[in-house]
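A quick write-up on the structure given underneath.
Order of the sequence lines sets the chain letters (A, B, ...), proteins ahead of strands, with each chain counted from 1. What you see is a predicted model; the values in this text were computed from it and never measured.
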Amino acid sequence: MKRVAICAVAQHKNESDIWYKRFQGMLLDILEEIQTKTGMDFSEQRGVRSVVSCSDDVFDARTISDNGVTDVLGAHYREEEKIAQEGLNAVGYAMSIILSGHEDLVYLAGHCKESQPESRNMCTNLGYDPFYGRPIGLDFTNVAALQAREYMHKSGIGDEHLADVVVRARQWASRNPYANATELVEKGEVMASPMLCDPIRRLHAYPVSDGAVGMLLASEERAREFTDTPVWITGFANCMDSYFLGDRDLSSNFALKKAAANAFRRAGIKDPKKAIDLVEIMDAYAYQQPMWLEGLGLCDEGQGARFIEENGPATYNVNLSGGMLAGNPIMLGGLYRAAEAVLQLKREAGEHQAADVKRALAHGTTGGAGQFHTVLVLEI
Amino acid sequence: MANKKKNRNVAIIGIGQTEYSSHKEHQNQAEMVNEAVRRALDDARITMDDVDCVMHGNMELFEMVYQPDLWHEIGTGAYGKEEIRITTGGTTGASLVCAADNLVASGMYDVILAVGLEKLQEGHTTGGITNMADPLWFRHLQTGALTGTTAQEMIEEFGEDRAKRAAMKYRIMMDKHACLNPRAHRRFGLEYDQMDDLMNTSPKLVGELRLIHMCSQSDGACVMVFASEEKAKKLCKHHPPVWIRDHITVHREETLPNLFGFKKPEMTQRYAARKLFERNGIKDPVEYFDVFEMYDPSAWWGLDWLREFLLLKGDEHIKMLEEGEFDLDGKLPVNPSGGVTATNPIGATAMLRPAEAALQIRGDAGEHQLERNVRHALASGFGGTFWTVLIMLEKDLNW
Amino acid sequence: MTEYYGSKLEDIFNSMEDRFRPEGAEGVDAIFCYDIAGEDGGKWQVSVKDKELRVEKVEGNLKGCSVTIITDPETFIGVTLGKIDAGEAFSSGKIKVDGDIGLLTNILPKLFTKYTPPAKDVTSKDIIDTVVERFRADKAEGIDIVIGYDITGEGGGKWSVIVKDGYCSVKEGLDPNCTVTMQMDAKVFVGLNLGLIDGTAAFTSGKVKIEGDMGAAALSAGMFERFKVGVIEGAEELISLKCLPSIDQRFATGPVMGKWFDGLKEKKFYATKCPVCGRTQIPPREICALCRVRCTDFVELGPKGTVTLIDDVYYASPDPLTGEVRETPYAGVYIVLDGASEEEAFAHEIKKEDIDRIKPGMRVRPVWAEKRVGSYKDLLYFEIDE
């Protein structure tokens, strides 16, 4: 199979309240940055004719959320399709447009402003059925707490381990110019931070964030017109778990394991521990970092506590961007991960650049307690 | 736009629909989806085990469910499968078909099951559409997708009596087609001799856009199964595969009023048709296609857009209508299914177009099956601020 | 008269008096006319004034109608019973309406309780026959009573229902040891059990006479599940949930829409001007979609302009959250403001008084709110510029 390259990425700085800009303005900044970096245009002959966007009607409070941004996506009188799930899936879909032979360039951009609705938990509560899930008050935070409890029991993780994860995330975030929560925190501070939803503390949860991400994808033949350092997509897969929490083994990582296995098979990876040089995980809550790493096979099953104690996250270059814990909007948690992985592979990560990265993995998740997972493998 | 040869050919191998109606209290959303999924799997004679990837599309604010694919999973069968959710407004169903074409042609997946749905009864449709307008400005002025501007322009161009008659003839023709389609939502049994009566007594919505002209609000789901050429030839034993030859999507900017200035930009309908036909070497679409399933949200728009889609000039489209050329036995039958004025579960509506067109090619449409040998079909989607999707279907791998 | 769906036209109109809700008729002064065509049709006039109702069958012409409903018997009965979708009957022209349509959609539903077909199939005996299966032992613990029913008129009879030690039995005739005896007409008995007649009202008005222990009569009501016609037919009731999800939003305006709202305060229309093609955009946009270039230059348009198209709106969409509906008709107009690019119309409303006169090509001017705060409410509407 031919390969598809990510030529360039642009990230809007994540902030808790970008009150001074419409999301249209944020996306225009992204568009201009990609154009400056690559020289891409939208001419009918050789330019971008296909745009993939990512946003959500409920978070935007708009039916057809991509309608408000067609112009700042460059998509006027062009093809545009909106992925209405977490943005890492948009990368997979954009790749298919090129692999299919329909197009050789795709511009991808996503936006989400969590500061706009009164509460992001009210939005995710609407993700549950109106008969049972909503009335009992399920949302993505309290459902994560149920999973956290079960996973912590299984892997021996305690409050201290979670504090370690957060302290480390902030240390790396402070080196990432696009991160939201960049203030360093002490372990004691994390352990004293108020309970949001037992056992999830406030500092265990990603901060409310606004952001936007853009990318230019190109066919193998044309990638070098836009960059000297193309990053190749070699594996993509996702997987859906069941909806009812009672049907799921919440600490089993069923969907993530399946998504990872498929992505690794497509990328020709046999042993992820040996093959992956850097991982960007969508860890919306601290417990998720070790848990998702177990799902990916980088941490042994049920060994989360030991993994943290033995500096596993440093060994595998986990979330050198600060990760989702430093704050991304929920719709773009995985897309930001991919953008960061691309920067690392292009050696453009600046102060948080890792040495010798040849193959990186980006992960994203949608739905309460990881009902849906996406895995992307990138290589130079 | 340049068209490159696809990496591999993609076929439609299964179609499943619910019946469409204004009320489906007997099912919740996931159950409604499941009914169409089962029918599509039965039609393709496969099971969920054969499916690599599920696709899902509808509008979140119509039913007020955030990322409904997560809940609907219990009906779509996506458990343990890969899944892609795409929504683009009214075009959603057609976008799903285009995306399935891309995803299968790319080699990433061999068999895809795509679900388009809406349960409009569970929300307020016109209110939901009004929510597409910018909250800062246009939302206080918009009235859903209702506008009388096209009627006004057509009356200006063709004279009041001729334009009104043509729009009503189009509407009655669609009802006659819908009456042959047992799944269609609204089947009134209108007769052409009611034309004068309806033209004057059907309640006005906006200007000369009357209630009878406008599309319905329906509940229902449509599911299509797609497969690569290799898989399709292996799986399709009971009916022939229908091939997706090409597709094109054309969106335009958000602002709507700038379609109504002193100078009109080229409509996306014509732009899309021009580009698609050019790159596929089709000189005369009326001659080439055997059926056109068009997303016609109202009789006025449907009639007006025929001119754009078929690259006609002046009053050619009105003449063709008057002479019965869009009837089931006409030169180019339009919407044998009854179209959108009869049936409109929005997230599924644009998928119904290629689904119904594919049934015509297969010869499986039932009572509304055309008598001719349908080889080439055109299907359109409409959404957003005058966005267009066009899909070309073929009986044979002829390109 | 022909029956449709088990009802006749007369049944519906004759039951109006019983179904009338004076509390829903507060301040209503209207005459509803029904012109129901065909051999088995007829004309009726339903007048409501000062919480008073008058229903008359009319020979000859209907007069003084606030609103007239024109249809056929089958459609009318079908819609009344919910067997035919009213909206669809209306769309297809099977129901036509002349006059104030708002009376039908907003007022009429409040005036009457729902019509149910006459319960001619249900007899007193049907109800008595199901007493034992409807008995709820859990509600009858420690209760020891005999209830006598003396049902008079057509289909009547005498029965005694014996409740003792959590068991229930029925025997014909009035038991001499009745704790309480209830006497009423068979029609009243059936009506009460079907929920068509209010029990308290029937007792107060003397339609039901009770002898003996009144407390036992009250007690008896709780010991039985309600009699349902549906139970006989084997139908199940489906439940649907009503809720109104709503999440408050705070929308950023940013520098571009911010400029627009600032301008409204000063009665000014600011448009962006594309640095490449010169196109003006109103309301302003961050980018020119055609040239894909950022727009930072603003120009002032209008305030007067020329109308290109008019949309007379007769159906306003309710706000999905508040349910508020704008008054109709109103008219939207497309206006090319002075100084704007010729393809760039601006949409707004025209003054109510100008709706009948407004034509494409006419000149219009904006009318502003007295107090302007930088919101869409600052601009009221446009009016003809004379």
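Counting heavy-atom neighbours within 6.0 Å of C:K273 NZ, excluding the residue itself, gives a total of 12 or less. More than 12 non-hydrogen atoms from other residues, nucleotides or ligands lie less than 6.0 angstrom from NZ of C:K351. Counting heavy atoms of neighbouring residues, nucleotides and ligands inside a 6.0 Å radius, atom NZ of C:K83 does not exceed 12 of them.
Using the six-membered ring where Trp is involved, C:F346 and B:W137 have ring planes that are parallel, under 30° apart on the 30 and 60° scheme.
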**Item:** Stepwise side-chain contact (heavy atoms from CB on, under 4.5 Å) check, B:F188 with C:K94
**Value:** CA-CA 9 Å; B:F188 293 139; C:K94 284 192 173 148; 5.7 Å; no

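When each of B:H185, B:Q217, B:E156 is scored by its heavy-atom pairs under 4.5 Å with chain C, the top score falls to B:H185. Note on C:I70, C:I287, C:L309: by heavy-atom pairs under 4.5 Å with chain B, the leading option is C:L309. Comparing B:D175, B:D197, B:D134 by heavy-atom pairs within less than 4.5 Å of chain C, the highest count is held by B:D197. Ranked by heavy-atom pairs under 4.5 Å with chain B, the list C:Y376, C:F261, C:F251, C:W260 is led by C:Y376.
Of the atoms belonging to C:P360, it is side-chain heavy atoms, and not backbone ones, that fall under 4.5 Å from chain B. In this structure, chain C has no heavy atom under 4.5 Å from any part of B:N28. Within the 4.5 angstrom heavy-atom criterion, no atom of B:H213 approaches chain C. Contacts between B:L190 and chain C at a heavy-atom distance below 4.5 Å involve the side chain alone, from C-beta outward. Heavy atoms closer than 4.5 Å to chain B are found nowhere in C:Q249, neither backbone nor side chain. With a 4.5 angstrom heavy-atom cutoff, B:L205 touches chain C via backbone and side-chain atoms both. The part of B:S202 that comes within reach of chain C is its side chain, from C-beta onward, which places non-hydrogen atoms under 4.5 angstrom from that chain. Only the side chain of B:T255 comes within less than 4.5 Å of a heavy atom of chain C; its backbone N, CA, C and O stay farther away. Using a 4.5 Å cut-off between heavy atoms, C:L264 contacts chain B through its side chain alone, with no backbone atom that close.
One N or O on the side chain of C:T308 and one on the backbone of B:F260 form a donor-acceptor pair closer than 3.5 Å. Under a 3.5 Å cut-off, the side chain of C:D311 and the backbone N or O of B:G148 do form a donor-acceptor pair.
Here the OG1 atom belonging to B:T201 is positioned 4.5 Å from the NZ atom belonging to C:K96, to the nearest 0.5 angstrom. Within the model, atoms CD of C:E344 and CG of B:L259 stand 9.5 Å from one another, a figure rounded to the nearest 0.5 Å. Atom OG of C:S91 and atom CZ of B:R186 lie 5.0 Å apart (nearest 0.5 Å). Note: B:K264 NZ to C:E342 CD = 13.5 Å, rounded to the nearest 0.5 Å.
Between C:R285 and B:E254, at least one side-chain N (NZ, or NE/NH1/NH2) sits under 4.0 Å from a carboxylate O, which counts as a salt bridge. The residues C:D312 and B:K204 are annotated as not salt-bridged, no charged nitrogen and carboxylate oxygen being separated by less than 4.0 angstrom. With respect to the salt-bridge test (charged N to carboxylate O, under 4.0 angstrom), the residues B:E253 and C:R279 qualify.
With a 4.5 Å cut-off on side-chain heavy atoms, B:L136 and C:T253 count as touching. Residues B:L211 and C:F90 form a side-chain contact, since some pair of their non-hydrogen atoms from C-beta on lies under 4.5 Å apart.
When all heavy atoms of C:V336 and B:G261 are compared, the closest pair comes out as CG2-CA, 4.0 Å.
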